[in-house]
Structure formats: C-alpha cells, structure tokens
Amino acid sequence: MAIQKLLFLIVLQLSLSFYLLDLTNAHAPPSCLKLGFYAKTCPSMEAIVSKVTYQYISQTPSLAASLLRMHFHDCFVRGCDGSVLLKSRNNIPAERDAIPNLTLRGFEVIDAVKSALEKKCPHVVSCADILAMVARDAVAMIYGPYWEVPTGRRDGSVSIGSETFGNLPPPFANITLLKQNFAAKGLSVKDLVVLSGGHTIGTSHCSSFTDRLYNFTGKGITDPSLDPNYAIQLKKKCKPTDTKTLVEMDPGSVRTFDEDYYTLVAKRRGLFQSDAALLDDAETKAYVEFQSATHGKTFAADFANSMAKLGKIGVLTGKAGQIRKHDCNMAIQKLPLLMVLQLSLSFYLLDLTNAHAPPSCLKLGFYAKTCPSMEAIVSKVTYQYISQTPSLAASLLRMHFHDCFVRGCDGSVLLKSRNNIPAERDAIPNLTLRGFEVIDAVKSAIEKKCPHVVSCADILAMVARDAVAMIYGPYWEVPTGRRDGSVSIGSETFGNLPPPFANITLLKQNFAAKGLSVKDLVVLSGGHTIGTSHCSSFTDRLYNFTGKGITDPSLDPNYAVQLKKKCKPTDTKTLVEMDPGSVRTFDEDYYTLVAKRRGLFQSDAALLDDAKTKAYVEFQSATHGKTFAADFANSMVKLGKIGVLTGKAGQIRKQCAILLSIFFLLSIQVLFVSHLTNAQGGLQLGFYKRTCPGAEAIVSKVTYRFISRAPTLAAPLLRMHFHDCFVRGCDGSVLLNSTKNIPAEKDGLPNLSLRGYHVIDAVKLELEKKCPGVVSCADILALVARDAVGQIYGPFWEVPTGRRDGRVSISAETLNGNLPAPFANISSLKGNFASKGLSVKDLVVLSGGHTIGTSHCSSFDSRLYNFIGKGDTDPSLDPNYVVHLKKICKPKDTTTIVEMDPGSFKTFDEDYYTLVAKRRGLFESDAALLNDNETRDYVKLQSATHGSTFAKDFSESMVKMGKIEVLTGKAGEIRKHCAFKSNLTPASIERETYFIKNDKEKKKQSKWRDMEGYGPNSKYHLKGQKGKYYLGFVIFFSVLGFIGSCQAQLQMGFYSKSCPKAEKIVLGYVKKHIPNAPSLAATLIRMNFHDCFVRGCDASVLLNSTSGNAERDAIPNQTLRGFGFIDGIKSLLEEECPGIVSCADIISLASRDSIVTTGGPFWQVPTGRRDGSISNASEALSNIPSPRSNFTTLQTLFANQGLDLKDLVLLSGAHTIGIAHCPAFSNRLYNFTGVGDQDPALDSEYAANLKANKCRTPTDNTTKVEMDPGSRKTFDLSYYTLLLKRRGLFQSDAALTTSSTTLNFINQLLQGSLENFFAEFAKSMEKMGRINVKTGTVGEIRKQCAVVNS
C-alpha cells in the first residue's frame, strides 16, 4: 500500500511538472521585461497612457508626486506587481488600506488608463505596467527626467496591508535602516540618495514629522538636526496633534522636478528624519552636497537610472501572475486546472505526511494524546544540560528569539546549510549561537518515545522556557502545535534580527513588524540580564563611535574605562558579562544598569531615548523588577506565536537539522543535473554543489575571521589573485613555494610584498577537513579575493568555479612582461592587458583596485627624485602632492609604506579615480590612464559621478579576469597543500622547501632593475621603441581618416549636380506664401528646433503614426503647424528631381528662408541630410525643453545636443516671434506652487494685464498670446529687453536670468547691434542644424515626408 501511494505521488508530481512546463512554453511571451513588449499586441499602448495621464496632470500637476510615490510603494511590497492597486476584500486589509498608503492619491488615473486600454486592447496590458508608465509620464509632464520603461510585467493577486510595515521606509528612518531597506530590494546606497530626490515634488501631512518639532526623543525637544529657523516656520503651520495640514516638501518648487531638494537637505531643511539621515553617511552626504553645489548636474540622469532599477524589483513575467480585466483594483478569481492539480497534490502530500492532522492552531496540551510525556522529556533532558552548564540558558533563549524573528517560530534556525546555500545558523548574527546539541538530544529522546510527532519548533520553544526557569527566571505556559519550516536562508537574518547597534526607531519598527508592542520591546530586552557578549559587538562604542576615534557619550565614562581594560580595539574573542555579577541569574538588574547608562549595546542605551521604554526601565529599576517576571512571561508567549506554521502547513522533521525526506525525489533530480554538469570540463557556478556543498560558506567564514581583524589584508589578497591570473593564468601558481633549484613566482621581485598566504592556507585546511582533495587552491584564491573585497564593503561578483591547480611556478615569468609594472606607460599597459584577453575598459576598471591598499616608497620614488635620471620630479604628478610625498618617502627608502588612496585606503570606493583626475595617482601606471582617450574618459566619469558604474564594472572585469587561461577538467591537479605540488611526501616537502636568504636580502635591498631604468621594460628601453609605436599610431589613424572620408558629410551645394534648382524651389515657395502668412515663420523654425532635438535633424517630426505614437503626436508638438507647407515644397521637388532631396533638408532650408523673408537673419545651410525612419512620441517628451523648464533642465537638454549656454540664450531669442497658448504659462498666473499663487519672478503688472485681457481663467486653453508683444512678427532684440523686465512669458524665459553666465550673454546682446545678434544667432542655428544628422547611406530619402518608404 505504501508503494502504491508513493507511485501515485510520483505520477501526480510528474503530471503537475509537465503541465507547468507546457503552460509556461505554450506561446509564452519572453519571461523578462523588454522595451516595446506590446508592439504587436497593443501598439498604441504608450500613446494612450501618455494621453490619459496628461488629461489629469495638466489639470492637477500635484498628482505627479502621488503617482510616483504609488509606484515606489508598489515595488517595495511584493515587487512591481500592481498589488498596491487592489482593494481590500474578505475583511483582509489590502496594501492600499494600510497606514503608510492611506494618503496615496491617483488611483482614478490608473483606472482611467486601464479603461481606455481595455477598449483598445482588451485583457492585454497589465496594471503593473500601467502604473510604471504613468509614474514615468507624470514626472516627465512636470519637467522631470524621462526614462525608458521596459514592459511585460504581470499583475499579482495578493495584497496584504501588514506587509507594508517593514518593507516601506518610514519617514522617521535613520540611515542604517534606509540602507538596509534599500539593499533588501537590490538597490544601492546611491539609489537610496537618488530616489530620495523624488521628495522634490509633493506635500506631506504634519503628522509625518511633528515629532521632530515637538517631541523628538520623548523629552519635548526639537530635533537638533533640523535648522532651528525652519523649525520655527514649520511650527507656525503644524500644531502638535495636527493630522490634516499639508506642507510642501520642497517649498517654492513643489510641482517642479528639480534639484532643490538637495539644497534643502544640505541646509538641514529636509522635512523628514529620513531626509536628514542622508547627511549621516559619507556616500549619501557627498551626493547631496554635489547636487546642491552643481545645480543637480547629474540628478536627472541618476534618477532615470535608479527608477529603471526600481521598476524591475520582484516583477512577475511570462506566465506568472495574471492580467487583470476591466479594473486594476480587483484580482481575477479563477481556479484553473493548474490550481486544481496543485491543490490535489498538496492535499495528497499533506495526507501522506499527516494522516491524523491536529487542529490548525496552538493550544496547551496539544500532544496530550499523541505524546503525553513530551513536556516531561523536554524538561528532563534540558535539566541535564543546564545543571552542568547554566550559561546555556541565555544561548537557548536567544536561539528561540532569533528563530521567531526570521520566518516565524518554525525551527528554521536549527537547519544546517545545504546545496551551498548558507542557512540561518551560519549567518553572521547567529555564528555565536550555542546549544544546538541540547535541541538534538531532546529530539532524539522524543523520537524514541513518540516517533515523528513533536516538531522541532515546539521543542525549541519548550527548551527556552525550561532553561530560563531552571536559572530562577519566570515560567510561562507554552501552547504547542507548531510545525517545522522547510526554508532557512542566511541572508534573511539581516533586516529581521535587531542588531546591537540599533537605535530606538529601528528597534520599534523591527518589533512592530513582528506584531510586538513597544512594551514587548523593552520587556524582552530584559533577557540581556543573562548571558555574555563578544567585545566585537560593542567595541565601536569604546574606541570609534562616530568614526572619529571617540567613545559613545551615552555610555557611562567610568564603565567605558572598565570595558577598555577587558576589550582592545580588534579583540574578537573576549567575552563580557551583559549583567556583571549576576550573569547566570534571571533578575531585574539589567534595568538598573541601563538606567545608569551601563547597558552594553547601543540597543540597550536606546531604551532611554523613548518616553515609554525609558519609563519602564526606570520603573523596574526603582521597584526591583516589580512586574518584570510577569511581563516577561506574557511577552514570551506573544513571541512564541509569531508566524507559526500549524495544521497541515510545514512538516515534522525527524532530525531538527535536516529537512524531511519527502524531498527525496527532488534531491535525486538535483543530484542528477549536478552530475551531468560536473561531468563537463569548464567553470560553472556551484561546481562543488555535490562534491563539497558547504565550500563557499567555509571560504566566506574563514575569510571573515581574518578580514574582521585585519581589513588591510583585503588589498593583498585581491592583488595576489591578480598576480596569479596574469602569470600562467588563474591556476594558484603564485601560492607554490620555491623548490631547491627553481625560485617560484611568490619569490619573484614583483611578489615579494604580497601578503595573506596564511589566509589561503587556513581556508584550505578547513576545506580539507570537510572535503579532502576536492577544492582547488586556484578556486580558493578566487573566492577569497571576492569575499575579502565584499567584506570591506566593495562589490560582490559571482565566481564560477572548477579551476584546477597548476604544477609550474617560475619567478622569472613575473618579470617578462606578464605583470604590469608600476612605471608602465599606457601603451605597455594596453598591450599587457590585451595579451590576457582583457579590454582597455578592463584595464582602467581593474586599476580601480588601487582604491585599497598601500605601497612601498620604492615603487614610485623615482617620480619624486629622479624621473628621467636628472634628479627631477615627474611633471605629470601634482606638485603639491610631490611635496607631501617627499615628507613621507626619502630617497632609497625601501621600508615606509604609503596609502594608495589616502583617507579611505581600507574602503573600496571610487576615490581612486578622483585622485587620478587630480594627478595624484601614486604610480606612473596610474598617471598613464590620463594619456588615453578611453581610459581618461572613464576616470573622469567615475570621478564626476561618484563612481556611478564602478562597482558593477569592477565585478564584470573581475569575472573576466578570473577566467584567464584556467585549467579545468583533467588538466592540472587538486593540491593537498596550496604551497606544494601534490606528488610530494611530507619528507620531500621539507627537503624541497628552499629559501636562499642571502639572495633574498639582496633582492630586498635593491629596487626592481626596471624601476632604475635598465631592464627590458625600463622607460629608457621603451623610449627606444617609440619609433615603432609612433609609426603604428600614424598608420592606425591614417586608416581611420580614410574610412571617415568615405562617408558623405553635409556640404554647401550638395544638390548642385543631382538637383541644381532645389534651393531655388524652396526659396521660391517660401517667398510666395510667407508674406501672406508671416506667422508661419515662427512655426517653421520651431518645427526645425523640435526635429533636431529628437533623434537629430532627420525630419522624424514629420512622420505620421497610425497608433498616435509619433513625435508629432507628442504633447510638445500638438501645437505645431506647417506640415502642409513642407508637403507643398516636397511635391514640387519630387516633380523636379524624384527621390533626391530629403525632407530633413527641406525643413532646414524652409525655416531659414522663412525667417529671412520676414526680415530676420540669414545663415548657411549645408545640405546632404537624409531622413530617419523612427519617430517616437515619448522621445519628444524627454528631449524637447518645455516652457516650464528651469535653468538646470535647459542646460542639460542643450548640452545633450552638443549646444552650450550661449546657444541656449541665442536660440531662445527666436521667441521674439510667434505666439503661445495660455496653458503653456497659466500656472505662473494662477497656481504657481499649488496654493493658488502667482510666480514672483513674473512682473506683477504684466501678470495683471495677462489675467485681465488674455488668460482670464486658469482653464483657458484656446486664447493665444504674443511672446514678444508689439513686435511678434519682427525678428529683433526686444525679447531680451522683456527678459530683463521680468516679462518673459515662460518659466524657461525667466530661467535665463537666474544664471550669471546667461544673464551676461543677454546684456552683451542688448549692448551690441542688431547685426551682431543676427550673426551670433546664425552661428547657433548652423550648429543646431548639424545635430546627429544622417548622411551617406544612413537613413533614406522619403517620397512623402509623412510616410516612411515601403
């Protein structure tokens, strides 16, 4: 019967597997996001989204902030799956009804977009994609950045209000919590500070920040980190209990997406604690100050990049999720075959494992019938251990706490790591847990009595209670019926377990996320009355509290003195009692210590920073713990119910450290696949999954042991890996000792300063104990280098394994051009890296490894004292830095070491590039990076953008480097000792170990011969080769020049042979029609401008679109006129010269001739442009400057096209002709900052005139207004005169007077003649006419300007 059941189970499982496989592959769309996902299924989707969104944003611009926030809140809870849109049902609050989301607005916008899309493309576009697109378009419509939104998301069907807590960063979050929260979503620290910039738009209720004004630490004080003058202003608006008043987050520009937020934060005027927190971290503070100082130089681009990342969090694609019908607020309620089959399997599995399932809830006496002696057995075995080792009680209590705070009280903390995935017990916060043997002993005794009945989760809860009671602590009832979880992931301990350095805000949020109260927090903290702690958990409070070498001022100074006697700064072994004198007695003394400021951890001290927790501490201290025992018992009962599995959920393990064997079939599949992949030669992720499953965890653990004590080891270990790979490939040959007759690589001159071999040996020793003869030293070195960098906050990269160890190691090979020398020039470096299969980008990226570590003076002192043999200094080295270095390094100094990245040489960051850009790189090889265009551009990019791509780039280049000439399969060997080849006996190892001490001393006393200038790689030798390099250089660029000359370029008279009358035909048509309709001149020049700013001057603005998604359909172009005028010219030219003259050239010529015809300037129009075939409305929205643009946006958009500030001023001068509709500027008259006010930058008399005579209502969208009143048909200087009178019609006009540079240009123009203006305007128009033109064979010559050739 059992066999029949098992066979049925297998059949059912296989049926489900094949059904799932079929379901996933039956006409399945790509299971990832991509641009244009709906190109075939709903081609007009983006146009519909944009159109409907505009209808709302144009009327209510403040909705943009709400829609952006809605997208953010959606992605941070269950991923970007539209779950925030679902309404509550079945009495279960959904996300939108949770407290953090009660102020969300804009659901009606999403509904309207969905409705419009369902009419056009029913049941095709997901609500998740709609929300992502609407957020982007809404931001762009208030002049914020534009970003590409790849689509293909599907909608989630689950929305649980409680999940918003712990996932959404609260406004009171500190920097630690923020970083942790963003990291949990796969976002970087840079993403954190960039996305915080979204606070540049929108408002907040007073209640989100009034505690900063009136009761910051529970003592009725104002947050000292808030500017006191700003606090006074805010207090006038917000009273202590005010929950209704709204306050602008970025006062004055609340509806404009700009960089002012960072200026406010830098001035300590950020509204929330989370804003102020950005000044508490070096990286976020630097970004805030940079954007504030540079007027948001990179903010728009950075925001776009971070939003693109945000939009990919936890997305459902392919067949996952659903496409909601009709309404985004209602999930589809279906029970398809898949669900039926899955449920069938689930119930069958449950029946198979639990024939008589107990009730699905905890209760006292749960095992009264199935295992009546259970509690007696638990108590008896626990007593056997506690009576011998009372200190175990604290560990067992802590184990129960740590179990419940990660995935609930399910015994997951007991599971061992498997399949190379670290479990909870192997995560750093749990490495000091003890007492697993107690749980195992209890489980063993119970299994003998009642096999497969009692869960490990219940055992842990019972043992923790009994252990505390046995050291005279309180006793509490433990209701049972928990079942065991089957998942244990080490990384989940971070973010769930409160760290010892947590502040009160973080603690309260952490406990609240588990359903525990503030009282539970302070009560359960009392568990610190028993147990000990390692010094490393609190030494920063003693020696380096704020990174400035000070002691935590909240710690009693006398106690600090005592603790310093026990704990030295790097001590990781010494244990200290948390409750000195009564460490094994469960009493109330802990609260007395905390009240005296003698709590060991920051989290203990934090209890005095909240009114409620402080009052409890002081009460227990004053009353000798009057209610502590009863309170602790109550809180422990609550703790024990967190996230429990009951009824049919989970399993009952046979061994607490190992999952139930119901997963046997799955294991066989995994092993079979593993066998197939491991049988193949080559590197692969998880190579040791079957042969040594804990390999990577062991490497990480041992590496951490060393790096935590000596962070400076990270640099030598990274360098060791580099030096290994560059000589004979990544084969561990750098680790081999010299033999009697052959000096090895490690004794080569470049490697004499390598350190960290003992780390590799320690890792190897542990691995050999676990999996003898399996893991290679080459793989160990690659993994250790990665982990060491990661442990000093550098990037993490995947390390495919399967390398085997080489058997040859020759010191001479370190000197024959394999290892780049510190004095190498750029040609030598590029050649060196190229010979290893690495690119120029890899060269400049991997050089960034110099951000950590030190160097001996001897590696660079020639740059200080004798650069070309004449006692001179290297002129490429910053002279001020030379003076500094000479104070440290004297000539011939071979012992002094110098930081390569002064001030942050232990932190992996981008500062190296800033130093190189300032000519402060230590080595000639560093300075050489400025001598090549590609490497110099990369240096400058990382320096200017705070290493925006460095971490990612470094990871990618390290993966490439780790594959250089690897030995795999049957090649090489697996060494038993990393310093010796495998065929050596212990006796021969001793015999073969050879160090020539005298020779070594000679090496140490001299410099690398090449550094003195006499070796084959010396600078003098290289200079002799310059003729060869120069010749190659000339030939290379000659070839490039030839290739370039083959492409046709713009030229005057391009059509002189192919269509000689072309320009006359254009001019004739213009002269015939423009005098009768002079206003067309302004329209045509605007058309030319709008065309060139999107995809270059390629006439893409003329193309029609059947789906309404071309440039001419975009909002900035909906008022363009003159398309018929261009078509008229095209028709004449096609009659004269069919298929010759491009529409792009027609626009350029017609706009110039129309301006001239109305008395404006003339400029040269070289021709030869060809027509583009792509026209996208969304690109117009993001590239064309809007009338509401501020100076920063204008500067950025013009710079993107290769135009400077002078061009900006001159081309804006075209506003001297033409008209505008009221909606383009009515916000300046009626509702500038969203409170019904007028733009103070607009002359009040002019504003009054506009209101009275032109735009009489805020909603007027038909009236036209002259941009240059009185001379709108004359091309003159009066536009600039209006600007100085504060009468420019648009915000973009007024913005020109906010920069000293552009204001200076305006004054110069007004002081000059009209002829001068014409001449300067002509130059800028000629520049604009060359933007990204298509010439030669690129593009096409359209037959009709509105249609791409078929």
Ignoring hydrogens and geometry, is there a side-chain-to-backbone donor-acceptor pair from [X] to [Y] under 3.5 Å?
X      : Y      : value
Arg398 : His528 : no
Thr572 : Ser536 : no
Ser488 : Val413 : no
Thr382 : Val463 : no
Lys443 : Val454 : yes
Asp484 : Ala457 : yes
Asp779 : Arg803 : yes
Ser455 : Ile652 : no
Arg425 : Leu414 : yes
Arg804 : Ala971 : yes

Could you measure the distance from the [atom1] atom of [X] to the [atom2] atom of [Y]? Nearest 0.5 Å is fine.
X      : Y      : atom1 : atom2 : value
Ser776 : Phe687 : OG    : CZ    : 8.5 Å
Gln655 : Leu415 : CD    : CG    : 11.0 Å
Ser733 : Leu735 : OG    : CG    : 8.0 Å
Thr801 : Lys689 : OG1   : NZ    : 10.5 Å
Gln684 : Thr968 : CD    : OG1   : 10.0 Å
Arg483 : Asp410 : CZ    : CG    : 12.0 Å

With the side chain counted from C-beta on, respond yes when [X] and [Y] share a heavy-atom pair under 4.5 Å apart, and no when they do not.
X      : Y      : result
Met961 : Asp842 : no
Ile658 : Arg653 : no
Ser809 : Val734 : no
Val789 : Leu717 : no
Arg434 : Ser391 : yes
Leu736 : Arg975 : yes
Val808 : Arg728 : yes
Ser486 : Gln651 : yes

Has [X] got more than 12 heavy atoms of other residues, nucleotides or ligands less than 6.0 Å from its [atom1]?
X      : atom1 : answer
Tyr757 : OH    : yes
Glu577 : CD    : yes
Lys976 : NZ    : no
Leu433 : CG    : yes

Could you check whether [X] pairs with [Y] (Lys NZ or Arg NE/NH1/NH2 to Asp/Glu carboxylate O, under 4.0 Å)?
X      : Y      : result
Arg807 : Glu973 : yes
Glu768 : Lys764 : yes
Glu956 : Lys952 : yes
Arg786 : Glu696 : yes

Phe908 vs Phe954, ring-ring contact (aromatic ring centres under 6.0 Å, His included): CA-CA, chis, key distance, verdict = CA-CA 11 Å; Phe908 203 99; Phe954 191 83; 4.9 Å; yes
Dump the intermediate steps for side chain to side chain contact (heavy atoms under 4.5 Å, CB included) on His400 and Cys404, then the final yes or no.
-> CA-CA 6 Å; His400 180 39; Cys404 293; 3.4 Å; yes
For the student: nearest non-hydrogen atoms of [X] and [Y], plus distance:
X      : Y      : value
Leu846 : Leu838 : CD1-CD1, 4.1 Å
Val775 : Ile974 : O-CG2, 3.7 Å
Leu192 : Lys179 : CD2-CG, 3.8 Å
Leu683 : Gly962 : CD1-O, 4.1 Å
Phe950 : Val845 : CE1-O, 3.6 Å
Ala441 : Val381 : CB-CG1, 3.8 Å

Apply the test side chain to side chain contact (heavy atoms under 4.5 Å, CB included) to residues Leu600 and Arg541: give CA-CA distance (whole Å), side-chain angles for both, the deciding distance (0.1 Å), then the verdict.
-> CA-CA 9 Å; Leu600 210 52; Arg541 296 189 76 197; 5.6 Å; no
Show your reasoning for whether side chain to side chain contact (heavy atoms under 4.5 Å, CB included) applies to Ser753 and Arg719.
-> CA-CA 10 Å; Ser753 57; Arg719 184 171 167 239; 3.1 Å; yes
Ring pair (Phe, Tyr, Trp, His ring centres under 6.0 Å) with His402: which residues, sequence neighbours excluded?
->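 Scan of His402 (ring pair (Phe, Tyr, Trp, His ring centres under 6.0 Å), adjacent residues dropped) gives none.
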Might you work through the side-chain hydrogen bond (donor to acceptor under 3.5 Å, both in side chains) test for Thr814 and Asn751, ending with a clear yes or no?
-> CA-CA 8 Å; Thr814 62; Asn751 288 334; 5.1 Å; no
What's the verdict on side chain to side chain contact (heavy atoms under 4.5 Å, CB included) for Leu767 and Val702, showing C-alpha distance, side-chain angles and the deciding distance?
-> CA-CA 10 Å; Leu767 284 169; Val702 177; over 6 Å; no
Report the relative orientation of the aromatic rings in Phe722 and Phe726; use parallel for angles under 30°, tilted for 30 to 60°, perpendicular for over 60°.
->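 If you compare the ring of Phe722 with that of Phe726, the planes turn out parallel.
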